[in-house]
Asks: 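First, the structure itself, so that you have it in front of you.
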Amino acid sequence: MAAHPSPQSAAPTPAIELINVSRRFLTPDGKSMTAIRDFTMTVERGEFVAVVGPTGCGKSTTLNLVTGLAKPSSGEVRVMGGPVNGIDPRIGFAFQTDALFPWRSVIDNVIAGPLFRGMNRDKAMDLGRKWLARVHLSAHETKYPHQLSGGMRKRVALAQTFINEPQILLMDEPFSALDVQTRVVMHDELLSLWSQSKASVVFVTHDLEEAIALADKVYVLTAGPATVKSVYPIDIPRPRVASEIRYEQHFIDLSRTIWNDLRDEVTRGASRAEAQLTETAE
């Protein structure tokens, strides 16, 4: 008789599963709009997944489904093996616009999460200082957000997120507002923090090179309503230095291959948007 695997040897459930998910909603003029259709995606524990696709194809909708801020019209969304029921404290967020409180100092911004969760202030301050050291901002803890550069604000935002030890991290174009040089530096900062935390990451971006530099796997979405067109494993060894690997031939080859796939969807999405504008004008 064949032996059954013990519970201890069973593979862990994925961190995130979207199974044949569709999301429809009503526009302000009462029309039904489909954001994503028959969408399936799996993020394993500790995996870094990037999602790319044309503008307006529904990339951010996938994050809202994982958070519970939006509910699927059909299909199933699961987090850590269970259904999504409201906001999950195991999930951290990082978005294009940082969530820093302008009236709070850097250190008070970083420790906001632990204090909200009931941690003693002295313990939270000790932990906050450790995280500021990790993001190279120890000398700036008493400053306020308006006194920081864009890159420094992003470092504060990363510390503010990682201090809560999220098991899942959802990132919606967090570095898109930064200049190119600062963005590359932030890629290395993120990879360093992620390698220590091993959170499961979904990273939405319009920047294909950014996706390849960071991710274990890249999902290419179709023009809206979005569904998964292709999935590309990124077989670049870790640890990576984002500022260096983009000049390697294998990175260039991956970029060319994925772009050839993505370009068709970008063109289709642009044509569709132009047709809609023409229809509206008429």
Side-chain angles (χ1 to χ4, degrees), residues 48-56 59-60 63-64 67 91-116 124-125 127-166 168-197 199 201-215 218 239-247 251 255:
F48 198 125
V49 168
V51 180
V52 298
T55 298
K59 297 185 295 296
S60 298
L63 302 186
N64 290 335
T67 64
I91 298 177
F93 310 90
F95 300 109
Q96 183 173 354
T97 303
D98 58 59
L100 303 184
F101 301 108
W103 61 89
R104 289 185 176 178
S105 66
V106 165
I107 187 70
D108 282 331
N109 267 287
V110 171
I111 66 173
L115 290 178
F116 178 78
M125 287 291 286
L127 188 60
R129 290 190 175 106
K130 289 177 182 177
W131 274 101
L132 284 178
R134 289 187 186 184
V135 296
H136 315 294
L137 288 175
S138 293
H140 303 277
E141 70 172 64
T142 60
K143 290 184 178 178
Y144 288 83
H146 73 273
Q147 297 174 296
L148 305 178
S149 67
M152 292 167 73
R153 287 171 63 97
K154 285 298 178 184
R155 287 192 184 128
V156 176
L158 287 178
Q160 184 187 56
T161 299
F162 276 99
I163 195 173
N164 295 312
E165 299 182 342
I168 292 173
L169 182 56
L170 306 178
M171 311 189 79
D172 194 354
E173 301 192 68
F175 305 138
S176 61
L178 300 176
D179 63 77
V180 174
Q181 295 90 340
T182 304
R183 192 182 309 174
V184 172
V185 171
M186 292 308 304
H187 291 163
D188 289 330
E189 293 280 1
L190 174 58
L191 286 175
S192 175
L193 295 175
W194 170 76
S195 68
Q196 298 169 50
S197 74
V201 179
V202 180
F203 190 103
V204 168
T205 178
H206 281 98
D207 187 333
L208 181 55
E209 288 194 0
E210 179 175 64
I212 296 170
L214 296 173
V218 173
R240 301 176 190 167
V241 179
S243 56
E244 296 178 3
I245 61 171
R246 64 189 62 233
Y247 302 109
F251 184 98
S255 298

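Counting from 1, the numbers follow the sequence of the chain as shown.
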Asks: According to salt bridge (Lys or Arg N to Asp or Glu O under 4.0 Å), who are the partners of Glu141, at least two apart in sequence or on a separate chain?
Replies: Arg129

Asks: Run the side-chain hydrogen bond (donor to acceptor under 3.5 Å, both in side chains) test against Thr205 and tell me which residues pass, sequence neighbours left out.
Replies: Glu210

Asks: Taking only residues two or more places apart in sequence, or in another chain, which ones meet His187 in a ring-ring contact (aromatic ring centres under 6.0 Å, His included)?
Replies: Phe175

Asks: Measuring from atom CE of Met171 to atom CZ of Phe93, what distance do you get when rounded to the nearest 0.5 angstrom?
Replies: 12.5 Å

Asks: Would you please name every residue forming a side-chain contact (heavy atoms from CB on, under 4.5 Å) with Ser255, sequence neighbours left out?
Replies: Glu209, Ile212, Phe251

Asks: Which residues satisfy the side-chain hydrogen bond (donor to acceptor under 3.5 Å, both in side chains) test with Thr182, sequence neighbours excluded?
Replies: Asp179

Asks: Which pair of heavy atoms, one from Arg246 and one from Ala213, lies closest together, and at what distance?
Replies: NH2-CB, 4.1 Å

Asks: Applying the side chain to side chain contact (heavy atoms under 4.5 Å, CB included) criterion to Val110, which one of Leu137, Val156, Thr161 satisfies it?
Replies: Val156

Asks: With sequence neighbours excluded, what pairs up with Pro145 under the side-chain contact (heavy atoms from CB on, under 4.5 Å) test?
Replies: Leu100, Asn109, Arg153

Asks: For the side chain of Arg155 and the backbone of Gly151, is there at least one donor-acceptor N/O pair under 3.5 Å apart?
Replies: no

Asks: Roughly how far, to the nearest 0.5 Å, is the CD1 atom of Ile163 from the OG atom of Ser197?
Replies: 13.5 Å

Asks: Taking all non-hydrogen atoms of both residues, which atom of Gly92 and which atom of Pro166 are closest, and how far apart?
Replies: N-CB, 3.6 Å

Asks: So which heavy atom on Glu189 is nearest to which on Arg134, and how close?
Replies: OE1-O, 4.2 Å

Asks: Rounded to the nearest 0.5 Å, what's the gap from CG on Leu132 to CD1 on Ile107? Could you check?
Replies: 4.5 Å

Asks: I'd like to check the salt bridge (Lys or Arg N to Asp or Glu O under 4.0 Å) partners of Glu173; sequence neighbours left out, ordered by chain and number.
Replies: none

Asks: Quick check: does any side chain N or O of Lys154 sit under 3.5 Å from a backbone N or O of Ser149, one acting as donor and the other as acceptor?
Replies: no

Asks: Using 30° and 60° as the class limits, which term best fits the ring planes of Trp131 and Phe162: parallel, tilted or perpendicular?
Replies: parallel

Asks: Could you check if a side-chain atom of Val185 sits within less than 4.5 angstrom of a side-chain atom of Leu178, using non-hydrogen atoms only?
Replies: no

Asks: Between Val204 and Asp172, what is the shortest heavy-atom contact and its length?
Replies: CG1-OD1, 3.6 Å

Asks: For Ala112, check side-chain contact (heavy atoms from CB on, under 4.5 Å) against everything at least two apart and list the hits.
Replies: Phe101, Arg104

Asks: Specify the closest pair of heavy atoms between Ala124 and Leu115, including all atoms of both residues, with the distance to one decimal.
Replies: CB-CD2, 3.9 Å

Asks: Can you name the residues that form a salt bridge (Lys or Arg N to Asp or Glu O under 4.0 Å) with Arg240, not counting sequence neighbours?
Replies: none

Asks: Kindly indicate, with the supporting measurements, whether the criterion side chain to side chain contact (heavy atoms under 4.5 Å, CB included) is fulfilled by His140 and Gln147.
Replies: CA-CA 9 Å; His140 303 277; Gln147 297 174 296; over 6 Å; no

Asks: Give the minimum heavy-atom separation between Ala50 and Ala211, together with the two atoms involved.
Replies: CB-CB, 3.6 Å

Asks: Does Asp108 have any side-chain hydrogen bond (donor to acceptor under 3.5 Å, both in side chains) partners at least two apart in sequence or in another chain, and if so, which?
Replies: Ser105, Arg121

Asks: Any donor and acceptor pair, going by atom type alone, linking the side chain of Gln196 with main-chain N or O of Ser192 inside 3.5 Å?
Replies: yes

Asks: Can you list the residues that meet the salt bridge (Lys or Arg N to Asp or Glu O under 4.0 Å) rule with Asp188, with sequence neighbours excluded?
Replies: none

Asks: Between atom CD1 of Ile245 and atom CG of Leu191, what is the distance when rounded to the nearest 0.5 Å?
Replies: 7.5 Å

Asks: Checking Glu165 now: which residues fulfil side-chain hydrogen bond (donor to acceptor under 3.5 Å, both in side chains) with it, not counting sequence neighbours?
Replies: none

Asks: Could you grab the distance from atom CG of Leu190 to atom CZ of Phe203, nearest 0.5 Å is fine?
Replies: 6.5 Å

